[in-house]
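Here is the structure we will look at.
Computed from heavy atoms alone, side chains included, the values below leave out hydrogens, waters and symmetry copies. Naming convention: chains lettered A, B, ... in sequence-line order (proteins, then strands); numbering from 1 in each chain.
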Amino acid sequence: MSGLPAPTDAKTPIRAIPVRHWGQQVSGVIVLAALVAFIYAVATNENLDWSIIAANLFGPTILSGLWVTISLTVLSLIIGAALGVTVAVMRLSPNRVLNSVAGGYIWAFRGTPVLVQLLLWFNLALFFPRLGLGEFSLDTNTVITAFVAALLGLGLNEGAYMAEIVRGGILSVDHGQSEAAMALGMRRRSTMFKIVLPQAMRVIIPPMGNELITMLKMTSLVTVIAAPDLLNRAQVISSRNFYIFELLIVASIWYLALTTISTLIQMRLEKRFARGVAGVAPRRRRILLNLKPGRVTSPVITPGDRPVVYAKGGAGS
Amino acid sequence: MSAPMVTAENVHKSFGHVEVLKGIDLEVRTGQVFCVLGPSGSGKSTLLRCINHLERIDAGRLSVDGQLVGYRERSGKLYELNENEVADQRRDIGMVFQRFNLFAHMTALQNVMLAPMDVRRLPKAEVREHAMQLLGRVGLADQAQKYPSQLSGGQQQRVAIARALAMKPKLMLFDEPTSALDPELVGEVLDVMRDLAASGMTMIVVTHEIAFAREVGDHLVFMDSGVVVEQGAPRDVLSNPQHKRTQTFLSKVL
């Protein structure tokens, strides 16, 4: 041991006193103390009846509301995605009629609050008392139930946002790709569905996770039109027993649980799609397979990939 | 003299206020290897893109195999072709791009198979057999299952050539096919093109590869600022340029 260490000693780990983060340690203690105080205050609060929360958390009324919330979320997202792809393709079409219709739709549905849209759908009977023509018409109120109004409001609103996400995805695909397809004599439709959209999925899928989380929370708005969702069911119970705060907590616990699962899904999606373009196709196939209900793991796993559960989180009940 | 494959008469094209083609007259004969040389911005790529109607010409006449590109002429009047008719015209014209433009989400084999199945509606087994043949011809039969990102630039460009050939085109357009390649990969692509030329394919090649033009080309056009400055047999134009601009350009690249 003398003088400078030989270059071969480079493997020896460095022994040094690490930087002390005093600020972090002190503030950590303060935050922890505040948290403990808050939990104590909540747990010992005589105004809060924990047994009510426990009794209702898995009660049949709440679970039926939970089911409505989940199905509203999933169905609205499906409607939104289908509309979004259609409108995005229309928006990018050289056909001026299609283009303007798409632009008008996005303008109207993104430009008004979703709450107002829900109320408009629910009150459609005031405007069109009957739907259909002549003999083939139905009373609007029998067609547009609270659930249908909720679905229309959320789905059509979502479609407008989704259209912009899909449009962004389509524009992210190198123009050379569609040019190559055109040069081969492929028609616009084939080019869009076989070349552009599959590659746009890489950009479209991750923000869809975000939309899922937003949609879960947005469904609580349907309470105003008395659709029997989670929040509405919680309020129905509290209107009978007057435990308002307890039932809001029950609803919050379920919303938090659902958004947590969605966040996990979103993180997985982002991780997968953040990787390079290499092997986009097999990965896309894997994800589509994983998105099938009940599908647990991917069929093609390269070393280092871990199996991922996708569908159970969003569709489980 | 063989029949003309491409005829351009007084072709003009502008992008906004910039006139890129200022009256081009050309004739490409069937079976010819027609090389286009010129500095960047001279309009040579635009000319190539006009031939398969990726760009629309503003004035003049441009026809491929006796058919007007993008228009139909009936009793002295021109009718614009609709999108699908333009697509149908492009089926018989292969194009190879500078940046390859292979479909990134498909394997080499899928890239080659797509258009014959989608456009020509040929049965899959037949298309696959032909595609494998073509990949063999460009020396990539063993890379058929690879994705473009797993292939070198030279390999990607060879797949792109096979993809264009899969449509059995009567004319092939090459838009600087070796300009995006590392120097050591240029040779393998030129070899494939040389082979294709020997098989009698009509080819229009926009290139900076002087040696290729001299050796393989039947006819050479030198373009600058949207006009054809001079043309003739490659050997003559390259070793004895008549025009000052050609001389200046060649002195820089040779």
Worksheet entry | Over 12 foreign heavy atoms within 6.0 Å of CZ, F136(A) | no

Worksheet item: Should the heavy atoms of other residues, nucleotides or ligands under 6.0 Å from CZ of R128(B) be counted, would the total exceed 12?
Response: no

Practice prompt. For the pair N52(B) (side chain) and A183(A) (backbone), establish whether a donor and an acceptor sit closer than 3.5 Å, ignoring hydrogens and angles.
Written response: no

Item to complete: Please examine the side chains of M106(B) and I195(A), heavy atoms only from C-beta on, and report whether any two atoms are closer than 4.5 Å.
Response: yes

Worksheet item: Considering only heavy atoms from C-beta outward, does the side chain of R49(B) approach that of E179(A) to under 4.5 Å?
Response: yes

Practice prompt. Answer yes or no: does atom CD of E85(B) have more than 12 heavy-atom neighbours from other residues, nucleotides or ligands under 6.0 Å?
Written response: yes

Response to the item:
Heavy atoms of G176(A) and N101(B) approach each other most closely as O-ND2, 3.2 Å

Discussion item. Among H53(B), M95(B), R90(B), which residue satisfies the side-chain contact (heavy atoms from CB on, under 4.5 Å) criterion with M182(A)?
Written reply: R90(B)

Worksheet entry | Most contacts with chain A, counted as non-hydrogen pairs under 4.5 angstrom, among I93(B), L173(B), V119(B), D118(B) | D118(B)

Worksheet item: With chain A, which of K146(B), R99(B), E83(B) has the greatest number of heavy-atom pairs at distances under 4.5 Å?
Response: E83(B)

Discussion item. Can you confirm whether L114(B) sits close enough to M186(A) that some side-chain heavy atom of one is under 4.5 Å from a side-chain heavy atom of the other?
Written reply: yes

Discussion item. So which atom in A180(A) and which in F97(B) form the shortest heavy-atom distance, rounded to 0.1 Å?
Written reply: CA-CE1, 3.7 Å

Discussion item. For a 4.5 angstrom cut-off between non-hydrogen side-chain atoms, does R188(A) reach N84(B)?
Written reply: no

Practice prompt. State whether the number of non-hydrogen atoms from other residues, nucleotides or ligands found under 6.0 Å of L256(A) atom CG is greater than 12.
Written response: yes

Item to complete: For R120(B), look at atom CZ and say whether over 12 heavy atoms of other residues, nucleotides or ligands are found less than 6.0 Å away.
Response: yes

Fill in: Best-contacting candidate, A166(B), A87(B), P169(B), against chain A by heavy atom pairs under 4.5 angstrom
A87(B)

